[in-house]
Protein chains: 2
Amino acid sequence: MPNRDVLKGDWLPNISVDCVIFGFQENHLKVLLLKFRNNKVWSLAGGFIGKEEDVEDAAKRVLWQRTGLENIYLQQFHTFGDLKRNIGAIEKHQEINLAMGRSNDDLNWLSLRYISIGYYALVDYLKVKVTLNELSDDSAWMDVDQIPALFLDHNEIIKTGLVHLRSSIDTKLAAFNLLPETFTMSELQKVYETILGKVLVRTNFQRKMLSLDILDRIEKKYSGGAHKAPYLYRLDRKKAEAFLSSAL
Amino acid sequence: MPNRDVLKGDWLPNISVDCVIFGFQENHLKVLLLKFRNNKVWSLAGGFIGKEEDVEDAAKRVLWQRTGLENIYLQQFHTFGDLKRNIGAIEKHQEINLAMGRSNDDLNWLSLRYISIGYYALVDYLKVKVTLNELSDDSAWMDVDQIPALFLDHNEIIKTGLVHLRSSIDTKLAAFNLLPETFTMSELQKVYETILGKVLVRTNFQRKMLSLDILDRIEKKYSGGAHKAPYLYRLDRKKAEAFLSSAL
DNA sequence: CCAAAAGTGTTGCAACTACACCCATGG
DNA sequence: CCATGGGTGTAGTTGCAACACTTTTGG
């Protein structure tokens with residue numbers, strides 16, 4: 001896997017990749033954010049594109065560098081290319097540069113104009129081991145509807161990504177990528193509810209999921225809880241693929 | 001409007017914009033293609049992005065430069081960033097460079113690696129006045145399902161664009177942008193059928209369109225035809241906007 | 001027994017499909 | 001009159017939403 005050093009790499013100029021990394025934690029949809037070192041500015045996980053690197057590989061690499069994960073559900077959704085996406089960032093850049101012990105003219109790479117290709121990733125947040133880079137000194141999973149003002153237009157990127165996620169939840173079975181290998185039906189329902197932003201009727205949801213014929217019920221059940229334990233389900237990869245290809 | 005000279009412009013390196021310009025002609029969905037000068041290679045209308053230019057403005061400019069049209073339905077749909085999108089193009093580049101009287105090393109800008117942001121445009125093909133640039137010596141509207149092997153990955157770009165167009169036909173009323181101001185119901189139906197790639201039942205289609213409450217029927221009718229003349233319809237902008245915003 | 005989990009049955013609505021049928025109009 | 005265009009009626013289907021209800025099971 002590739003060089004992690006953003007500053008020394010042989011990158012394409014003026015282009016970057018930003019990843020909206022979604023995770024599901026405590027019944028909430030969260031986004032992984034990074035905080036600039038010695039600074040209060042938070043941002044998405046982003047990176048540059050190697051001169052000999054596919055754009056998609058760059059996104060995979062960024063995801064891998066920050067989370068340690070590979071083979072993740074990753075979708076390109078929009079490219080952000082307005083000049084004004086940098087507006088308001090100049091002061092922030094100054095803060096960041098100063099905080100990093102660099103002069104503003106010496107390190108103006110951040111102030112250059114960047115066109116950013118937006119990807120969203122769906123991960124099992126329990127599997128994520130966050131690795132910070134030299135630009136950041138903190139990370140956090142933030143609830144999608146409690147996100148502070150971020151670097152550049154990253155708030156808009158998240159919003160746009162969420163819209164795309166929403167529209168692909170049924171056709172691409174996207175929600176399952178946010179859950180661990182096995183899960184209960186009510187956990188699955190919570191994921192759907194969070195992504196869609198509305199509550200669903202349990203019985204109808206259950207019927208719909210089962211009728212898709214993509215789930216295996218594991219006969220082993222939760223241990224420990226009081227009362228009846230919920231069943232665990234697992235996405236059947238073969239059935240899921242059959243479903244996805246039948247939907248065209 | 002901007003400088004038309006691609007070679008002298010102050011452009012961002014490694015990034016381009018490609019426009020799939022759709023038009024509707026003789027009951028067929030067509031794409032506007034350009035032929036490289038003294039060469040047999042056809043390509044989409046493309047261009048570069050000015051250092052001080054929004055990406056979307058670059059797409060609008062490219063569209064305007066080739067068609068003379070402004071205020072056109074234009075949608076970004078995907079960014080193509082594989083290294084291998086250039087594969088197979090090297091020989092073509094050589095042909096093109098030679099044909100243009102340039103040496104290959106002197107003019108290797110075409111052989112550079114480009115990431116291309118794909119847009120599709122929907123135009124009334126009767127309004128298009130094609131203007132060639134210094135790279136091309138011919139243009140043509142080609143039927144979407146009869147397109148020859150194109151420059152780079154332009155075939156794939158068209159295919160992907162068409163998929164996106166298809167999925168937005170109902171929610172964004174995209175089809176109307178391919179027709180002139182006034183049109184008959186059967187013309188409209190043909191547009192839908194061509195984009196969706198299947199035949200529709202006339203009566204149901206008519207009912208559906210009328211029930212959207214977005215059309216005005218013009219009492220003036222076709223002149224000249226034998227038998228009863230069809231009514232003309234016009235998209236009512238206000239009603240259409242109401243529809244679009246109600247759909248959310 | 002109780003409480004939580006899992007699942008079925010039923011009703012009604014809305015949208016879409018297929019198709020039969022009728023009216024309008026220009027020649 | 002006929003051929004084409006424009007439109008309604010209606011029956012069947014499907015998917016979904018709402019909600020009542022039953023069964024299972026751990027303690």
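By convention in this document, chain letters (A, B, ...) are assigned in the order of the sequence lines, proteins followed by strands, and residues within each chain are numbered from 1.
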(request) In sequence, state the C-alpha distance, the side-chain angles, and the governing distance for B:Q189 and B:R202, and then conclude on side-chain contact (heavy atoms from CB on, under 4.5 Å). (result) CA-CA 8 Å; B:Q189 185 177 340; B:R202 181 189 61 84; 3.7 Å; yes

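For the side chain to side chain contact (heavy atoms under 4.5 Å, CB included) with A:V31, the qualifying choice from A:L150, A:I21, A:L162, A:I147 is A:I147, the only one to do so.
Evaluation of the salt bridge (charged side-chain N to carboxylate O under 4.0 Å, His left out) rule for B:K172 yields no partner, not counting sequence neighbours. Listed by chain and residue number, nothing satisfies the ring-ring contact (aromatic ring centres under 6.0 Å, His included) test with A:F22 (two or more places apart in sequence, or in another chain).
Nucleotide C:dA14 holds its P atom 18 Å from the NZ atom of B:K208, rounded to whole Å. One can place CE of A:M209 at 14 Å from P of C:dG7, the figure rounded to the nearest angstrom. As rounded to whole Å, 10 Å separates atom C1' of C:dC16 from atom NZ of B:K198. What separates CD of A:Q189 from C1' of D:dA17 is a distance of 13 Å, to the nearest Å. Note: CZ (A:F205) to P (D:dC19) measures 19 Å, nearest angstrom.
Ring pair A:W141/A:Y125 is perpendicular by interplanar angle, where above 60° counts as perpendicular and below 30° as parallel.
Looking only at atom types and distance, the side chain of B:T160 has no donor-acceptor partner in the side chain of B:Y120 under 3.5 Å away.
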(request) Would you give a per-nucleotide map of nucleotides 6-13 of chain D, 5' to 3', where B means the base has a protein non-hydrogen atom under 4.0 Å away, S means only the sugar-phosphate does, and - means neither? (result) BBBBB---

